[in-house]
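Everything numeric in this text was worked out from a predicted model, so none of it was measured. Starting from 1, each residue takes its place in the sequence as its number.
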Amino acid sequence: GFKPLYDIPFMFEAREFLRKKLIGHQVQVTVDYIQQAKEAVGGELGFPEKTCCTVIIGGVNVAEALVSKGLATVVRYAAGNDERSSRYDDLLQAEQKAEKTGKGLHDKKNIPSHRVSDMSGNVIKCKQFLPFLQRAGRMQGLVEFIASGSRVRVYIPRETCIVTFLLGGISCAKSGRTLPSGEVIPADPFGDECTMHVKEMVLQREVEIEVENMDKAGNFIGYLFVDNTNLSLHLVQEGFASMHFTADRSPYANQIKNAEDNAKNAKKRIWTNYSGEEDPVAIEEEEKAALNEDRKVNYTEVLVTEVTDEGKFYACNVKDGEALEKLMDNLREEFVTNPPLAGAYTPKKNDLCAAKFVDDQWYRAKVEKMGVNDVQVLYIDYGNRASVPKTKLGSLPATFQTPGGYAKPYSLALTMLPPDEDLTAQGVAGLKEDMLDKTVKLNVEYKTGGESFVTAHIGDEDIGKGLVDDGLLMVDKKGGRKLAKLLKEYEDAMARAKKNHLNIWQYGDITQDDAREFGAQVKPAR
């Protein structure tokens, strides 16, 4: 079939020029204009809205470089049409030079051709080709397309062919997809995130592949390496995939098994709710059963280090205070002795790293979100988040990768924030006033999806019940014999707050059923 990338003269050369110049590099972008969307009319194709930009890398205008090599031509505009590049004159001059020297598209004699065989789905061809690929060992390839976290299309230059390649040795979280029938298959948990993660790592990048086998549909199965990183192993390490029994046949079996064990222990992604060998259904049943046991009180003394806008809080066990202090001293001593070079560390999402805080001290942090110049991090020993310039990040030495973060997340049992945004802010402010930077006693009352719900006390005062009594939090009704007595106390507290029109109840009952009766639009709590 017709393959535009390979069959249209110079399209492949243009793509390769851009790929090698741009992928993985920072660029400067100037938006010149927005080209409005165009509906398909008659035989003409339509197109969506386009943001048209000038892209500069290392002081070079990429479009001008492309035109100067004869890999693109300049659009001619009608007089008075100002929707054009801010460097339009430079582009015209570059085109004139390319025409004079007969470069690229302007060379009518030497037109490149690429005879590429697309083997995807061609079972007979793939069967014939399999023994050769197995004997070849590692081969250079270029990832052209990502179908999911574990399924990619790879162009093999040496063999001038395109193959569908499945990552071996793992079962990967699947992304959402639409079948030809129109049926929408929802994504597995973390499936879409996994696909995006793989795109960021390997799309349009040069890789190496090792082919082990093929499936019935003509897809090759094996291991893919990018910058010497085994992608199967990496996805298991990051909690996007589990080990498949076929990994036992590969030389990477032990590495993948160890990576899976580490991901389980760290409760990464697909292992978030993992506890031992039980499956999630068993865990849910256990959580329900626990609500009908006798309530046990076993307080742990903690220091509350952060309260989030979602009403959760982070706390460190008071017993760990000395160890945490020692860790921080050693970390700072390390960075005084071996200060990191600004900008030398390249952060990646979910990395553990060292990050400076506003006090200009180094702390252990986890990269949560990437920006152009800044990175969103979670300080794992205190629970607070911040946006930090990349220049204020450093590689975390291996000796500081363990233990896990000292700050653990909790939520107050039997309570929830009110549904209205403004009232939510009142509730969070109450939590901060009563708990932040204070030593409290916690008792774990129940767990839901691995999350711990606790009652918190200072002396004999139940902080959660106090906030309900003050009209700052609402009651989250939990069933079961275990919490029946405590739930009654909380409901009585909320009834008093309603009766006295305290804080969130100032203008009456805000529970969702009543609000709907009076036509109020209830906003979800953030």
Side-chain angles (χ1 to χ4, degrees), residues 291-292 294-297 299-315 383 409-448 451-526:
L291 289 171
N292 286 307
D294 292 331
R295 182 174 178 242
K296 293 172 185 170
V297 176
Y299 289 120
T300 302
E301 201 170 33
V302 301
L303 174 67
V304 177
T305 54
E306 179 70 0
V307 175
T308 74
D309 291 339
E310 294 77 34
K312 302 179 190 298
F313 65 94
Y314 284 79
Y410 301 96
S411 295
L412 285 180
L414 300 177
T415 67
M416 61 182 179
L417 291 170
D420 181 86
E421 198 171 317
D422 295 333
L423 302 182
T424 291
Q426 286 186 48
V428 171
L431 281 166
K432 288 181 176 177
E433 185 176 340
D434 284 4
M435 299 183 72
L436 189 57
D437 297 326
K438 294 182 180 177
T439 300
V440 303
K441 293 183 295 182
L442 300 184
N443 186 57
V444 177
E445 303 295 346
Y446 55 90
K447 291 188 177 184
T448 301
E451 187 176 352
S452 297
F453 289 79
V454 300
T455 45
H457 294 76
I458 294 180
D460 294 329
E461 181 192 351
D462 180 335
I463 294 171
K465 187 169 74 173
L467 289 167
V468 172
D469 220 339
D470 290 340
L472 292 169
L473 295 180
M474 296 170 66
V475 174
D476 183 18
K477 296 179 183 179
K478 281 282 174 189
R481 178 169 57 89
K482 179 180 181 178
L483 300 171
K485 185 184 174 194
L486 193 63
L487 179 60
K488 178 70 168 61
E489 293 175 17
Y490 274 57
E491 287 182 322
D492 289 346
M494 188 164 77
R496 288 192 296 272
K498 281 185 187 181
K499 185 178 177 181
N500 295 321
H501 295 279
L502 297 178
N503 291 306
I504 65 175
W505 310 108
Q506 183 179 357
Y507 300 111
D509 196 334
I510 61 158
T511 51
Q512 293 193 3
D513 288 343
D514 289 348
R516 282 201 197 95
E517 274 180 40
F518 294 99
Q521 293 298 313
V522 179
K523 300 175 188 173
R526 289 192 303 177

Rounded distance [0.5 Å steps], CG in L412 versus CZ in F313: 5.0 Å
Minimum side-chain heavy-atom gap D437-T305 below 4.5 Å: no
Atom pair CE (M494) and CG (L502), whose distance is rounded to the nearest 0.5 Å: 13.0 Å
Check: D462 side chain, G464 main-chain N or O, donor-acceptor pair, under 3.5 Å: yes
Over all atoms of both residues, closest heavy-atom pair of L417 and L473: CD2-CD2, 3.7 Å
Side-chain touch M474/P418, heavy atoms, less than 4.5 angstrom: yes
Pair E451-S411, side-chain donor/acceptor within less than 3.5 Å: yes
Non-hydrogen atoms of I504 and L423 that approach each other most closely: CG2-CB, 3.8 Å
Donor-acceptor contact below 3.5 Å, side chain D470 vs main chain L472: no
Side chains of T448 and Y446 in contact at under 4.5 Å (non-hydrogen atoms): yes
Under 3.5 Å: donor-acceptor pair, side chain of N500, backbone of R496: yes
Note, V304 side chain near V440 side chain (heavy atom, < 4.5 Å): yes
Plane angle bin for H457 and Y299 - parallel if under 30°, tilted between 30 and 60°, otherwise perpendicular: perpendicular
Atom pair CG (L483) and CD (E489), whose distance is rounded to the nearest 0.5 Å: 11.0 Å
Any side-chain heavy-atom pair of V475 and T415 under 4.5 Å: no
Nearest-0.5 Å distance that lies between atom CG in L431 and atom CG in L436: 10.0 Å
E306 vs K312 side-chain heavy atoms within contact, under 4.5 Å: no
Nearest non-hydrogen partners of A497 and D469, listed with the distance: CB-O, 3.6 Å
Distance-minimising heavy-atom pair for L442 and A456: CD2-CB, 3.6 Å
Short N-O contact, K482 and E445, less than 4.0 angstrom: no
Y490 and T455, any side-chain heavy atoms less than 4.5 Å apart: yes
CG-CD distance between L467 and Q426, expressed to the nearest 0.5 angstrom: 12.0 Å
Heavy-atom neighbours of E433 CD exceed 12 at 6.0 Å: no
salt_bridge(K477, E491) N-O dist < 4.0 Å: yes
Reported CD1-to-OG1 distance for the pair I458 and T439, which is rounded to 0.5 angstrom: 8.0 Å
Validation row: V302, T300 side chains within 4.5 angstrom (heavy atoms): yes
